Amino acid sequence: MKPQNATIRILSLLKDQKKMVAFLLFLIVAAAGLDIVVPFFSQRLIDTLVSFLQTGGEAPYQALFLIAAGILVATVLNRIIASIYNVEVFKTVTRAEDKARHQAFEKYLYLHALFHHGSSSGQLIGRIDRGAVAIYVILYEIIGHSLISPLVTLLGVLVVLAVKSPWIALAVFLPLPIYTLIVRRLAWRIYTIEQQVSDEYETVSKEAYDVAGNVLTVKKFSQEDAETAHHVQLLKQMRTTQYAAERLWGIMETTQTVIATVGRISVILLGGYFVVIGQSTIGEFVLFITLQNMAYSPLAQLSNVFPRLRRNLSRAERIFGILDEPLHVTDTSSAKELPPLAKDVVFANVSFRYGPERQWALRNISLTIPAGKTVALVGRSGSGKTTFINLLLRSFDPTEGGIAIDGHDLRDVTQESLHRQIAVVPQEVDLFSRTIGDNIAYGYGTLHPHTSQGVGAGPSRDAIVTAAKTALAHDFILKTEKGYDTLVGERGIKLSGGERQRIGIARAVFRDPRILILDEATSHLDTESERLIREATDTLVKGRTSFIIAHRLSTVLHADIILVFAHGELEAMGTNEELLAKSPTYKRLYDLQFSA
């Protein structure tokens with residue numbers, strides 16, 4: 001299906017505000033009408049004064065006061081309408097901007113894991129931010145003072161001139177097609193350049209975000225100057241491209257000035273001729289020039305607004321690119337709640353690969369895990385362990401076969417009900433730049449730290465403290481600046497690796513899951529931290545169906561079931577003693593780690 005035009009999609013954001021848009025259009029027409037009426041008052045005033053000077057008679061004081069009052073009333077009404085219009089336009093456009101921003105951010109969060117693995121978070125968030133701002137600019141240009149209002153004024157002036165003097169109307173109108181053709185061609189070239197500018201700007205944002213996220217590494221390797229120079233070079237490249245568009249803007253403004261001047265001179269000559277031959281009055285001559293200025297003044301606005309629309313359309317299209325990204329893992333219309341795990345987890349002939357042309361990451365995996373068992377996953381890097389876990393989490397669906405919990409295929413249950421039963425303690429625990437308490441209770445409907453409203457009932461402090469004590473994190477938390485209310489910094493930078501790991505375990509304890517996933521939870525830690533985490537983990541796995549990924553066999557020797565992966569296949573499964581006898585891969589890993 002052909003993608004919908006970006007401008008139409010942007011305007012469709014106003015569908016839920018149709019009455020307000022209609023009201024705004026009414027205000028535009030009313031304001032334009034009042035603008036056009038004022039020159040007629042001026043014409044009448046000039047002709048009245050000229051007639052008095054030529055013929056004498058009684059001074060036209062009454063006419064002067066009436067005309068002045070008319071101009072005052074028209075001007076005051078125009079300003080009142082403009083004030084109402086400005087406020088309502090801003091509110092209408094910002095609501096549409098927020099709608100687009102919310103839709104894009106929600107879609108970003110719901111996109112499948114493979115999309116996030118292959119994308120830059122900084123680039124995508126920057127794309128959403130710039131795209132939403134571009135949508136605001138486009139809508140404000142269209143229903144604000146830059147597009148519809150000048151067009152209504154231009155149309156009104158041409159109609160009035162056509163009725164008043166067709167020849168003057170022709171003099172005003174003739175340059176417009178030439179001007180429109182030139183502007184259209186230049187606007188397209190500006191749009192093309194702005195697309196390139198957007199690409200280069202996103203590259204700058206992505207690189208800056210990447211460096212900011214690894215700033216400590218930059219400092220360790222004394223690369224401050226090198227990264228700064230690289231950033232300057234990227235900015236310079238972007239600006240060079242951007243300046244090409246600015247030169248075209250200059251050409252467009254010059255063209256507009258020349259054509260407007262030609263039109264003005266034509267009206268002056270033709271209007272002056274009509275006065276000389278007695279076909280028009282002095283007041284009408286002034287009226288013609290005023291209306292010509294009113295026609296070309298919005299034309300000057302239009303000469304700027306069309307390139308601005310083109311420039312921002314190229315940015316807005318990028319936010320629609322996120323909105324159009326397909327969701328590979330979705331709930332079916334008949335998806336049901338997954339009941340609490342009670343019996344088993346079954347993999348039935350499961351195979352998976354990351355693309356039609358890619359090799360199989362997992363092949364023909366069939367096994368049954370009884371509820372309450374501790375399962376260890378071992379194997380070399382790239383053997384399929386992480387893919388196995390991601391399929392259980394339904395980060396993506398199997399290419400072949402199926403996974404079931406208590407007989408319920410994961411594709412037939414809601415993702416939310418599945419994830420509600422699972423807690424994950426990853427190798428590197430991800431923490432938000434929030435308080436320790438918020439991080440432990442994350443996912444429970446906690447109050448967001450920057451808002452006054454939460455989702456659902458907030459967690460009790462006692463439950464958070466109990467979870468922290470179970471994870472052996474309570475003591476170090478009390479030593480922090482504000483205890484459970486201490487902000488952990490971006491990605492938990494204020495905490496050590498072992499402390500972050502224990503916060504991750506406390507989060508899992510607080511969630512009280514039926515299925516627990518520990519992804520190399522004791523890697524890269526000092527001996528004391530590993531001991532504490534081992535004790536917390538032993539408490540955590542009791543009574544739960546647990547999956548533990550670890551490269552060090554010492555952490556999984558006492559697991560109920562050990563799964564050995566090799567080249568995407570399940571080579572063997574059993575206990576430590578059984579695998580030493582029947583699994584070459586396990587025997588080799590065991591000898592490497594315990595030969596000393």
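The residues of the chain are indexed from 1 along the displayed sequence. Keep in mind that this is a model prediction, so the values were computed, not measured.
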Q: Could you grab the distance from atom CG of Leu72 to atom CD1 of Ile67, nearest 0.5 Å is fine?
A: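 Atom-to-atom, Leu72:CG and Ile67:CD1 are 13.5 Å apart.
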Q: So which heavy atom on Ile464 is nearest to which on Ala441, and how close?
A: CD1-CB, 4.0 Å
Q: Would you mind reporting whether Asn312 and Tyr136 have side-chain heavy atoms less than 4.5 Å apart?
A: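 Of all side-chain heavy-atom pairs linking Asn312 with Tyr136, none is under 4.5 Å.
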Q: Show the nearest heavy-atom pair for residues His231 and Val204, with the distance to one decimal.
A: CE1-CG1, 3.6 Å
Q: Using a 3.5 Å distance criterion without hydrogens, assess whether the side chain of Arg511 forms a donor-acceptor pair with backbone atoms of Ile422.
A: yes
Q: Flag the pair Val286 / Gln43 as yes when at least one side-chain heavy-atom distance between them is below 4.5 Å, and no otherwise.
A: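 No - every pair of side-chain heavy atoms lies 4.5 Å or more apart.
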Q: Taking all non-hydrogen atoms of both residues, which atom of Leu158 and which atom of Ala169 are closest, and how far apart?
A: O-CB, 4.3 Å
Q: Nearest 0.5 Å, what's the CG-OG1 distance between Asn390 and Thr386?
A: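 Reported to 0.5 Å precision, the distance equals 6.5 Å.
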Q: Is any side-chain heavy atom of Leu161 closer than 4.5 Å to one of Leu170?
A: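 No - every pair of side-chain heavy atoms lies 4.5 Å or more apart.
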Q: At their closest point, which heavy atom of Ile81 faces which heavy atom of Ala30, and how far apart are they?
A: CD1-CB, 3.9 Å
Q: Would you list the pairs meeting salt bridge (Lys or Arg N to Asp or Glu O under 4.0 Å) in which at least one residue belongs to residues 68-96, sequence neighbours left out?
A: Glu88-Lys91
Q: Any side-chain heavy atom of Ile135 within less than 4.5 Å of one from Tyr140?
A: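 Not touching, per the 4.5 Å side-chain cut-off.
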Q: What residues form a side chain to side chain contact (heavy atoms under 4.5 Å, CB included) with Tyr85, not counting sequence neighbours?
A: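 Expected list: Leu24, Leu27, Ile28, Val89, His145.
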Q: What distance separates Leu495 CG from Thr486 OG1, expressed to the nearest 0.5 Å?
A: 8.5 Å
Q: Do the side chain of His419 and the main chain of Leu393 share a donor and acceptor less than 3.5 angstrom apart?
A: yes
Q: At what distance, to the nearest 0.5 angstrom, does CG of Leu154 lie from OG of Ser149?
A: 11.0 Å
Q: Salt bridge or not for Lys107 and Asp324, using N-O below 4.0 Å?
A: no
Q: Got a second to check how far Glu224's CD is from Glu227's CD, nearest 0.5 Å?
A: 9.5 Å
Q: Return yes if a side-chain donor-acceptor contact under 3.5 Å exists between Thr75 and Asn78, otherwise no.
A: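 Short answer, no.
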Q: For residues Arg101 and Asp129, report the shortest heavy-atom separation together with the two atoms involved.
A: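 Here Arg101 and Asp129 meet closest at NH1-OD1, 2.9 Å.
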Q: Mind jotting down which residue pairs meet the salt bridge (Lys or Arg N to Asp or Glu O under 4.0 Å) criterion with at least one end in residues 142-166? Sequence neighbours excluded, please.
A: Lys164-Glu284
Q: Tell me, with the steps shown, if Phe396 and Tyr354 meet ring-ring contact (aromatic ring centres under 6.0 Å, His included).
A: CA-CA 9 Å; Phe396 24 77; Tyr354 291 94; 5.6 Å; yes
Q: Indicate yes or no for a side-chain donor-acceptor contact from Gln292 to the backbone of Val267 under 3.5 Å, with no hydrogens or angles considered.
A: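 Answer holds: no.
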Q: May I ask you to decide whether Asp512 forms a salt bridge with Arg420, counting only side-chain N to carboxylate O separations under 4.0 Å?
A: no
Q: Within the side chain of Asp409, is there an N or O that forms a donor-acceptor pair under 3.5 Å with the backbone of Gly402?
A: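 Absent.
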Q: Return the NZ to CD distance between Lys494 and Glu481, rounded to the nearest 0.5 Å.
A: 6.5 Å
Q: Before giving the answer on side chain to side chain contact (heavy atoms under 4.5 Å, CB included), spell out for Asp35 and Met294 the whole-Å C-alpha distance, their side-chain angles and the decisive distance to 0.1 Å.
A: CA-CA 9 Å; Asp35 274 337; Met294 289 183 68; 3.9 Å; yes
Q: Would a distance-only check, ignoring hydrogens and angles, find a side-chain to backbone donor-acceptor pair under 3.5 Å from Ser395 to Leu391?
A: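 Side chain of Ser395 to backbone of Leu391, a donor-acceptor pair under 3.5 Å: no, none is there.
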Q: Any non-hydrogen side-chain atom of Glu106 less than 4.5 Å from a side-chain atom of His102?
A: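 No; the side chains remain at least 4.5 Å from each other.
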Q: Give the intermediate values and the outcome of side chain to side chain contact (heavy atoms under 4.5 Å, CB included) for residues Glu325 and Tyr108.
A: CA-CA 9 Å; Glu325 187 70 28; Tyr108 169 76; over 6 Å; no
Q: Run the side chain to side chain contact (heavy atoms under 4.5 Å, CB included) test against Thr399 and tell me which residues pass, sequence neighbours left out.
A: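 Checked Thr399 against side chain to side chain contact (heavy atoms under 4.5 Å, CB included); matches are Phe352, Arg353, Trp360.
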Q: Would you indicate whether the side-chain heavy atoms of Val429 and Asn439 approach each other to under 4.5 Å?
A: no
Q: Hey, which of Ile10, Leu14, Val93, Ile148 is the one that makes side chain to side chain contact (heavy atoms under 4.5 Å, CB included) with Ile142?
A: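 Of the listed residues Ile10, Leu14, Val93, Ile148, the side chain to side chain contact (heavy atoms under 4.5 Å, CB included) partner of Ile142 is Ile148.
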Q: Where do Val413 and Glu337 land on the side chain to side chain contact (heavy atoms under 4.5 Å, CB included) test, with the steps shown first?
A: CA-CA 6 Å; Val413 300; Glu337 289 280 309; over 6 Å; no
Q: Is NZ or CZ of Arg507 both nearer than 6.0 Å to the six-membered ring centre of Phe510 and within 45° of the ring axis?
A: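 No - Arg507 does not lie over the ring of Phe510 by the 6.0 Å and 45° rule.
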Q: May I have all residue pairs that pass salt bridge (Lys or Arg N to Asp or Glu O under 4.0 Å) and include part of residues 137-148, sequence neighbours excluded?
A: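 Qualifying pairs: Glu141-Arg308.
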Q: Decide yes or no on salt bridge (Lys or Arg N to Asp or Glu O under 4.0 Å) for Arg461 and Asp485, but give the supporting numbers first.
A: CA-CA 11 Å; Arg461 177 54 61 93; Asp485 295 321; 3.1 Å; yes
Q: Is a salt bridge present between Glu200 and Arg239, judged by a nitrogen-to-oxygen distance below 4.0 Å?
A: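 No, no charged N to carboxylate O under 4.0 Å.
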Q: Carefully, step by step, assess Val425 and Ile517 under the rule side chain to side chain contact (heavy atoms under 4.5 Å, CB included).
A: CA-CA 6 Å; Val425 182; Ile517 296 171; over 6 Å; no
Q: Quick one: are Ile436 and Val488 in side-chain contact, heavy atoms under 4.5 Å?
A: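 Yes, close enough: below the 4.5 Å cut-off.
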Q: On a heavy-atom basis, which atom in Ala96 and which in Gln17 lie closest, and how many Å separate them?
A: N-NE2, 4.1 Å
Q: Mind checking salt bridge (Lys or Arg N to Asp or Glu O under 4.0 Å) for Glu207 and listing every partner two or more places apart, or none if nothing turns up?
A: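 Result, salt bridge (Lys or Arg N to Asp or Glu O under 4.0 Å) vs Glu207: none returned.
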Q: For the pair Thr435 and Asp438, evaluate side-chain hydrogen bond (donor to acceptor under 3.5 Å, both in side chains) and give the outcome as yes or no after the intermediate values.
A: CA-CA 5 Å; Thr435 67; Asp438 285 330; 3.0 Å; yes
Q: Do Leu338 and Thr414 touch side chain to side chain, with heavy atoms closer than 4.5 Å?
A: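 No - every pair of side-chain heavy atoms lies 4.5 Å or more apart.
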